[in-house]
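The structure under discussion appears below in the form of structure tokens.
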Amino acid sequence: MQIECAETLKKIPPYLFVEIDKAKRQARAEGKDLIDLGIGDPDTPTPLHIIESLYKAACDPANHRYALDAGMPALKNEIALWHKKRFKVTLDAQTEILPLIGSKEGIAHTPFAFLNKFDVALVPDPAYPAYRNATILAGGEPYFMPLLENNDFLPDLKKIPASVLKKTKLMFLNYPNNPTSAVAPRRFLQELVKFCVKNKIILCFDMAYSEMGFDNYLAPSIFQISGAKEIAVEFHSLSKTYNMTGWRLGWACGNKDIVKAIAKIKSNIDSGIFQAVQIAGITALKTKEEFKQKMCKMYKARRDLLVGGLEKLGWPINPPKATFYLWTKIPYKMDSIALCDMIMQKAGIVATPGVGFGKYGEGYVRFALTQDKKRIKEAVKRLSFL
Ligand SMILES: *Cc1c(COP(=O)(O)O)cnc(C)c1O
């Protein structure tokens with residue numbers, strides 16, 4: 001039988017990262033020593049106290065059963081406390097917070113809760129691919145907002161045509177940003193909230209990198225902007241902050257009607273998060289500030305090494321204030337796939353071509369600071385052939 005996929009699935013563009021993976025495997029099979037600055041996955045382990053908390057909770061038979069769909073009240077309370085402490089934002093633990101199986105899960109389910117056929121979701125370009133792909137899978141239409149360097153990688157809201165706005169129900173944004181490592185100033189967030197209120201757009205604000213800031217930078221929450229709770233939902237994740245990408249724990253929070261709709265979708269698809277993971281999540285959120293400071297210091301040292309090395313090679317770089325990425329303009333007449341191919345072949349360095357995040361990512365390459373200083377120094381040395 002000829003297996004026919006859904007039209008929506010056929011519309012999902014091929015995943016560039018699968019191609020990169022193939023090239024990586026091949027290079028490794030040839031015995032190349034690769035320095036992988038490709039994927040945004042922390043290289044250091046989950047802190048031991050979180051692992052111990054998981055172990056203890058996993059030993060308790062009470063946690064072996066189906067969890068509550070909507071998340072454990074104790075976890076939701078801890079999340080509310082965290083928001084209060086970190087942002088001075090008040091959230092109602094029961095109605096305004098929804099634990100997720102990783103924030104990607106919630107982000108990808110959101111369009112199903114709000115889009116009717118042909119409704120538009122505004123999606124940044126370049127961006128984390130889930131915003132576009134989930135919109136398409138839900139039967140909606142993505143409209144791409146270019147993130148350009150000359151506008152500090154913020155979307156120009158005035159450029160979105162009125163005809164598009166009429167059909168728009170959702171907007172995705174992510175600051176601190178992957179892949180550009182840009183941050184959003186408060187003045188932009190204020191304009192953004194006004195714009196979404198005026199145009200009746202649900203704002204999905206992805207803060208996966210909220211805790212990764214350098215040089216005293218602290219990312220603001222959208223809920224520090226007045227009026228935001230009328231229209232916004234914010235996505236958070238333990239993945240990058242506590243080196244817990246594999247554990248799958250995040251949350252959505254904000255407007256209670258938005259949160260409720262996402263919860264309804266989820267209750268029909270999954271049956272809650274393993275309770276032992278939720279309990280370990282509570283432990284993670286109680287982690288001393290010191291851990292975060294150490295982590296930021298570590299990434300900052302790596303950032304400075306790579307920025308310094310690339311600058312010596314003539315790459316124009318603005319050291320990022322946040323995230324563990326360097327998003328750099330390619331200083332040669334070469335597209336991003338060709339450049340990444342060349343540095344993989346000639347120097348054994350894996351980086352991600354900007355075009356993999358959207359057409360406005362062309363001309364850029366993303367380096368993830370997910371190798372230790374020694375390997376980053378080695379990478380800089382190997383790149384001197386450029
Ligand atoms: C890593 C990442 C996420 C999500 O991670 P989860 O592991 O699913 O919580 C979400 N958004 C962006 C932009 C990311 O880079």
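Counting starts at 1 for both ligands and their atoms, in listed order. Atoms considered below: every heavy atom in the structure, side chains included; atoms not considered: hydrogens, waters and symmetry mates. Nothing here was measured: the structure is a model prediction, and the numbers come from that model.
Looking at D206 and K104, no side-chain N of the basic residue comes within less than 4.0 Å of a carboxylate O on the acidic one, giving no salt bridge.
The protein residues lying under 4.0 angstrom from ligand 1, judged by non-hydrogen atoms, are G102, S103, K104, Y128, Y131, N174, N178, D206, A208, Y209, S237, S239, K240, R248.
Checking Y209 against Y175 by side-chain atom types alone, no donor-acceptor pair falls below 3.5 Å. Inspection of the T46 and N243 side chains reveals no N or O donor paired with an N or O acceptor under 3.5 Å.
Between D335 and I337, the shortest heavy-atom distance links the atoms OD1-N, 3.1 Å.
Of the candidates R302, R375, K240, D43 forms a salt bridge (charged side-chain N to carboxylate O under 4.0 Å, His left out) with just one, namely R302.
In this structure, the separation between CE on M244 and CG on L238 is 5.0 Å, given to the nearest 0.5 Å.
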